[in-house]
Amino acid sequence: MLNNARALTRILLMERPSLLRLAERIVRDRPTAEDVTQSLWIRVQGIDDDPPIVNKRAYLFRLASNMAIDRAKAGQRQNALFGPDDAVEHVADETPLPEKVLLDREALDQVRNAIEELSPRSREILYLRRINGLSSVEIAERLGISRQMVTRYLAQAMEHCLTCLDQDASA
């Protein structure tokens, strides 16, 4: 993975709730904001290292904003063509292909293994943040540590997981 794409992916993972709120403010719909955020991740994976991005966080938020605006405009065009109550039915089978299922299972196993390698404290903080959705302040209060320590543990955990995924991808 290229340096810009890797750095932007890390920022996206850490800032996902903020990016989701930004997209939701623009598109005014939670599921559509989720789609925008997921599309943002896909878009980030294709960003080259030339030219290098100086302020990656600002770049990521601008990209999210632009993608959300594009999605909102597309929704307005669709409503103008079909009307707000005319649902466009999707007839394609949404069942994933067997190859996709296998690749996803392998990736999930890699993530599980990476999480198992974390220290118990890092694993607990990652679980509280990503699964329970607690804020850094709530985790700090619950565990009796500073918010900065929570942030540090999260960053280390995410860095470890990304490193493990990168090693498996390059192998």
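Just so you know, these numbers come straight off a predicted model, no measurement behind them.
- Remark: Arg43 CZ is loosely packed, at most 12 non-hydrogen atoms of other residues, nucleotides or ligands lying under 6.0 Å away.
- When atom types are taken as modelled, the side chain of His160 and the backbone of Ala114 share a donor-acceptor pair closer than 3.5 angstrom.
- Ile131 and Val111 fall into different hydrophobic clusters, where Ile, Leu, Val, Met, Phe, Trp and Tyr residues are linked whenever their side-chain heavy atoms come under 4.5 Å apart, directly or through other members.
- Tyr127 and Ile139 fall into different hydrophobic clusters, where Ile, Leu, Val, Met, Phe, Trp and Tyr residues are linked whenever their side-chain heavy atoms come under 4.5 Å apart, directly or through other members.
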**OP:** Determine, stepwise, if the pair Glu15 / Phe61 fulfils side chain to side chain contact (heavy atoms under 4.5 Å, CB included).
**Re:** CA-CA 9 Å; Glu15 296 287 343; Phe61 274 83; 3.9 Å; yes

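- Contact annotation: the side chain of Ile53 approaches that of Ile47 to within less than 4.5 Å [non-hydrogen atoms, C-beta and beyond].
- The shortest side-chain heavy-atom distance between Leu13 and Leu162 falls under the 4.5 Å cut-off.
- In this structure, Asn55 contributes its side chain and Ala58 its backbone to a donor-acceptor pair below 3.5 Å.
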Subject >> Step-by-step side chain to side chain contact (heavy atoms under 4.5 Å, CB included) determination, Lys56 to Arg10 >> reply: CA-CA 10 Å; Lys56 291 173 177 54; Arg10 287 188 178 118; over 6 Å; no

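- A heavy-atom distance below 4.5 Å is found between the side chains of Arg71 and Ser39.
- Not one N or O on the side chain of Arg57 forms a donor-acceptor pair closer than 3.5 Å with the backbone of Ile11.
- Residues Glu124 and Arg142 are not paired through a salt bridge, judged by the lack of any N-O separation under 4.0 Å between the basic side chain and the carboxylate.
- How far CZ of Arg30 is from CZ of Arg21: 9.0 Å, rounded to the nearest 0.5 Å.
- When the salt bridge (Lys or Arg N to Asp or Glu O under 4.0 Å) test is applied to Arg28, no partner is found at least two apart in sequence or on another chain.
- For the residue pair Ser136 and Thr151, the shortest heavy atom distance occurs at OG-OG1, 4.2 Å.
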Original post:
Does the pair Leu143 and Leu128 meet the rule for a side chain to side chain contact (heavy atoms under 4.5 Å, CB included), with working shown?
Top reply: CA-CA 10 Å; Leu143 299 178; Leu128 290 171; 4.2 Å; yes

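- Counting only heavy atoms from C-beta outward, the side chains of Asp70 and Val36 never approach each other to under 4.5 Å.
- Put simply, the side chain of Tyr153 reaches to within 4.5 Å of the side chain of Met149, judged on heavy atoms.
- For the pair Leu12/Leu8, no side-chain contact is recorded, criterion being any heavy-atom separation below 4.5 Å from C-beta on.
- Between Ser65 and Ile26, some side-chain heavy-atom pair lies under the 4.5 Å cut-off.
- Side-chain contact of Gln45 with Thr9: a donor-acceptor pair under 3.5 Å is present, judged by distance alone.
- Residues forming a salt bridge (Lys or Arg N to Asp or Glu O under 4.0 Å) with Asp109 (at least two apart in sequence, or on another chain): Arg112.
- Arg129 places no side-chain N or O within donor-acceptor distance of the main-chain N or O of Leu154, the cut-off being under 3.5 Å.
- Glu141 pairs by the side-chain contact (heavy atoms from CB on, under 4.5 Å) definition with Val137, not counting sequence neighbours.
- Put simply, the side chain of Cys161 does not reach to within 4.5 Å of the side chain of Met158, judged on heavy atoms.
- Residues Met67 and Ile69 fall within the same hydrophobic cluster, defined by Ile, Leu, Val, Met, Phe, Trp and Tyr side chains chained together at heavy-atom separations under 4.5 Å.
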